[in-house]
Protein chains: 4
Amino acid sequence: MAEILRCAEEVIEEYGYDQAAVAEVAKRAGVVEGTVYHYFETKRDLYIAVAEAWYRRVLDANQPTPASGSLYDRLRAAIRSELMIICESPAVVRFILMELRPDPAFRDMQIFAMNRKLTAALTRVLKDGIARGELVDHIPLRAVRDMIFGGIEHQTWAFLRNEGDFSVDDATDAISYVIYNGLKRRPPAAVEHSPSLDERVETLERIVASSLNSKT
Amino acid sequence: MAEILRCAEEVIEEYGYDQAAVAEVAKRAGVVEGTVYHYFETKRDLYIAVAEAWYRRVLDANQPTPASGSLYDRLRAAIRSELMIICESPAVVRFILMELRPDPAFRDMQIFAMNRKLTAALTRVLKDGIARGELVDHIPLRAVRDMIFGGIEHQTWAFLRNEGDFSVDDATDAISYVIYNGLKRRPPAAVEHSPSLDERVETLERIVASSLNSKT
Amino acid sequence: MAEILRCAEEVIEEYGYDQAAVAEVAKRAGVVEGTVYHYFETKRDLYIAVAEAWYRRVLDANQPTPASGSLYDRLRAAIRSELMIICESPAVVRFILMELRPDPAFRDMQIFAMNRKLTAALTRVLKDGIARGELVDHIPLRAVRDMIFGGIEHQTWAFLRNEGDFSVDDATDAISYVIYNGLKRRPPAAVEHSPSLDERVETLERIVASSLNSKT
Amino acid sequence: MAEILRCAEEVIEEYGYDQAAVAEVAKRAGVVEGTVYHYFETKRDLYIAVAEAWYRRVLDANQPTPASGSLYDRLRAAIRSELMIICESPAVVRFILMELRPDPAFRDMQIFAMNRKLTAALTRVLKDGIARGELVDHIPLRAVRDMIFGGIEHQTWAFLRNEGDFSVDDATDAISYVIYNGLKRRPPAAVEHSPSLDERVETLERIVASSLNSKT
DNA sequence: GATGAATGAGAGTTCATTCAT
DNA sequence: TATGAATGAACTCTCATTCAT
């Protein structure tokens with residue numbers, strides 16, 4: 001049975017859930033299709049079990065992000081961790097997101113709790129940052145998580161399709177930088193549109209800087 | 001034929017490309033499958049035609065983002081525009097991204113050029129911001145676009161699946177805010193220590209003074 | 001209509017009768033399928049017309065084998081003529097043989113008479129040879145024709161499939177030689193099994209010959 | 001499964017490979033199409049299996065042509081053997097010749113070896129005859145085989161279509177006679193003038209005489 | 001004469017699932 | 001506990017043919 005799960009994971013990563021044929025799983029596991037259905041009622045159940053096993057493994061291996069250190073470092077660590085996980089098994093994650101999450105019963109599934117635990121680190125860091133006043137509180141956490149996940153996913157696809165290279169660290173850097181700075185609390189003027197004194201000085205500085213550059 | 005295209009778009013939005021059976025399209029259009037194949041050589045070709053028609057419609061309707069105004073406003077307008085478009089037909093966008101883009105011949109397809117035109121606004125704003133020094137230049141544009149698109153997509157799915165509410169304006173606000181501030185150029189110390197107004201004015205005075213000196 | 005016939009011939013030669021789609025013919029002729037059916041009741045009728053036109057052309061172009069000269073030369077000329085014709089349009093010939101000939105009405109078709117005319121040369125030469133006593137009369141003409149046609153066809157396939165090279169002249173030589181000598185009348189002993197004096201001498205000759213060869 | 005193979009053979013013999021629908025096979029075997037695809041990946045694979053089973057059966061049943069006896073008898077036996085085989089299952093043979101042989105991988109298929117074994121007898125007899133000098137060596141073996149096969153095939157078709165009668169023995173006689181005599185080595189003058197017994201004995205005497213001289 | 005849209009039957013193939021053993 | 005044969009519905013695609021205009 002463990003073998004079936006192992007092969008099923010292999011197959012879903014290669015083909016995606018829709019194209020992941022039970023027959024292929026059986027063949028690789030060296031059993032017949034009937035055997036798979038002996039253990040799992042449906043194809044869906046099989047892959048739920050795969051996802052659960054995967055989560056269990058990942059949760060065990062994943063040491064929690066340190067609660068100390070600068071907020072930026074902690075955020076970066078959390079994002080890096082997510083990225084590595086998704087990057088390793090994007091099809092499983094996608095299966096959960098696309099096939100399981102819409103299920104009305106999703107919130108009652110083990111997977112839901114496990115998924116929570118996995119994303120908890122990131123959520124905690126963000127909430128903590130907001131609580132301490134280091135991050136703004138007017139952006140819905142959900143939107144932030146979507147940008148992070150969505151950004152990771154899009155980059156992962158391209159990578160899986162051999163379009164361009166992909167570095168976990170570069171991706172982590174880019175996402176962490178944008179999210180952290182994007183959420184960092186600053187004098188409210190930062191986003192106002194009649195320039196504040198600060199902004200006016202900033203503009204000045206830029207001009208001077210570029211002016212100096214052009215002279216050399 | 002227009003009817004077939006209309007129904008095909010309906011079907012792909014409901015089921016996604018993989019599950020969008022030609023039989024269903026035919027049924028809705030009130031014709032037999034053979035008729036669909038009379039007009040379109042393959043299922044893929046049918047949906048390429050759908051995508052092209054959709055793009056054409058969207059490009060016509062979409063008034064260009066204003067080139068003037070603050071960078072933030074322009075970025076926000078571009079993001080809003082993308083968001084509304086994707087939000088209306090996420091399956092078509094996903095079809096292009098997942099089925100067409102990996103095709104080696106993608107760059108020679110009409111769709112490629114159309115897609116370019118549509119995403120050009122956003123790219124232009126970002127490049128402009130970088131050129132003017134208002135945005136940092138060390139984050140790959142591709143990563144930024146992935147965060148925006150990915151973020152939009154993730155929010156869109158949830159909405160389509162009737163999970164929670166969704167407001168185009170709220171989503172636009174959240175994404176725009178994070179991206180703009182996340183990319184905004186600031187004194188390098190930004191993360192560690194931000195120089196006081198006093199310090200900055202002092203620096204300015206020194207520079208201006210020396211600048212004047214060098215002119216004599 | 002002439003254009004349709006021209007294209008139909010092209011198509012049948014490329015794909016064979018079964019795979020020769022009416023749509024493809026229409027496309028090449030620059031008309032729609034309906035137009036083809038305007039002129040020809042069925043696909044079969046279309047290709048019968050093709051075959052008839054082809055026969056007419058071939059019969060016109062094909063100057064009759066000379067009635068003079070040695071029997072061998074005349075036979076060779078007839079075979080060469082057949083070979084060249086089949087070789088040029090094997091699919092049309094095959095269509096007639098496989099689709100038309102089994103038809104109970106075949107003998108009433110124009111094609112039947114035309115086909116007769118075309119194979120008449122060969123038949124005439126053979127009959128003539130038999131009548132003059134130069135060829136044996138105990139082999140059914142039909143069997144001989146089958147060997148010639150079958151042999152030509154088999155060689156033609158291989159050629160069309162790019163298996164090995166093919167020379168019309170070599171094929172003509174081989175077939176003509178075997179058929180002529182195979183049918184040539186000789187002292188009845190030739191095919192008996194207790195060796196005749198002739199055969200015994202022949203054997204002797206061969207042995208002496210090979211013995212001489214081995215000495216050099 | 002054996003039943004499926006049996007019915008498939010039946011169907012291909014009735015319709016030929018192209019028209020041999022899997023649905024028809026399934027119907028006759030009393031199963032659904034899916035069942036056929038449970039055992040055979042594709043229609044082609046199904047008929048390859050049919051061909052292999054058929055070859056196996058034929059090879060078992062076919063006692064080898066005797067290596068002794070006159071060349072004519074051996075050739076006749078080989079031809080008769082081929083004729084009977086093709087005559088029983090011409091569609092299978094045609095399938096191999098037309099669908100399988102052009103496949104670049106043909107030479108690696110089981111069928112290739114089996115086919116070899118079956119045609120080996122004929123080839124061996126011909127080569128042997130050539131080696132012993134009883135048959136001429138200037139006609140390509142391939143051309144000879146094509147005449148034999150092609151001739152058999154043409155006669156077979158006609159028979160299967162109930163055109164005229166057909167006797168295995170008559171066909172064997174005709175083909176064997178023509179091929180044997182057609183290839184039989186004779187004094188080069190054969191076609192123009194055949195030396196009399198007197199002339200030949202004279203020649204022999206001269207040779208023997210000089211041969212004796214050279215030995216002293 | 002010619003169009004071209006539409007048909008309908010059938011092809012090969014896939015696959016989750018069932019069930020007697 | 002496991003087998004593996006069998007199912008049946010769905011899928012993409014093909015094509016000869018029809019018919020109102």
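Reminder, nothing fancy here: chain letters follow the sequence lines and each chain counts from 1.
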Does a side-chain N or O of [X] approach OP1 or OP2 of [N] to a distance below 4.0 Å, or not?
X	N	value
D/T35	F/dT7	yes
D/Y37	E/dT13	yes
B/H38	E/dA6	no

More 5' along DNA chain E: D/T42 or A/A23, using each one's nearest nucleotide?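 Its nucleotide being nearer the 5' end, the pick is D/T42.
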5'-most contact on DNA chain E (nearest-nucleotide basis), A/A20 vs D/K43, goes to D/K43
Please work out if B/V22 contacts a base, only the sugar-phosphate, or nothing of the nucleic acid, heavy-atom cut-off 4.0 Å.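 It contacts sugar-phosphate atoms only.
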Indicate, with a heavy-atom threshold strictly under 4.0 Å, whether B/V31 touches base, sugar-phosphate, or nothing.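 Sugar-phosphate contact only.
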Side chain of [X] - closest among [options]:
X	options	result
B/Y39	F/dC15, E/dG12, E/dA5	E/dA5
C/E33	E/dT13, F/dA16, E/dT7	F/dA16
C/A21	F/dC15, E/dA11, E/dG8	F/dC15

Nearest heavy-atom contact between B/D18 and B/K43 is O-NZ, 3.3 Å
Using whole Å, report how far [atom1] of [X] lies from [atom2] of [N].
X	N	atom1	atom2	result
B/Q19	F/dT12	CD	C1'	14 Å
D/D18	E/dG10	CG	P	18 Å
B/K27	E/dG8	NZ	P	17 Å
B/Y47	F/dC13	OH	P	11 Å
A/E24	E/dA16	CD	P	11 Å
A/Y15	E/dT14	OH	P	12 Å
B/M1	E/dT7	CE	C1'	18 Å
D/E99	E/dG12	CD	P	12 Å

Between the side chains of B/E13 and B/R94, is the shortest nitrogen-to-carboxylate-oxygen separation below 4.0 Å, so that they form an ion pair?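 Here B/R94 does not pair with B/E13 in a salt bridge, since their nearest N and O are not under 4.0 Å apart.
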Nearest 0.5 Å please: distance from the [atom1] atom of [X] over to the [atom2] atom of [Y].
X	Y	atom1	atom2	result
C/E24	C/Q19	CD	CD	12.0 Å
A/L46	A/Y17	CG	OH	8.5 Å
A/I96	A/N115	CD1	CG	6.0 Å
D/E9	D/E88	CD	CD	9.0 Å

Complement of F/dT21, any strand, by Watson-Crick or G-U distances under 3.5 angstrom: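 Across all strands, the one nucleotide that pairs with F/dT21 is E/dA2.
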Who does E/dG10 pair with, Watson-Crick or G-U, both distances under 3.5 Å?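 F/dC13 - that is the nucleotide pairing with E/dG10, both distances being under 3.5 Å.
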Between D/I4 and B/R44, name the one whose nearest nucleotide on DNA chain F is closer to the 5' end. D/I4
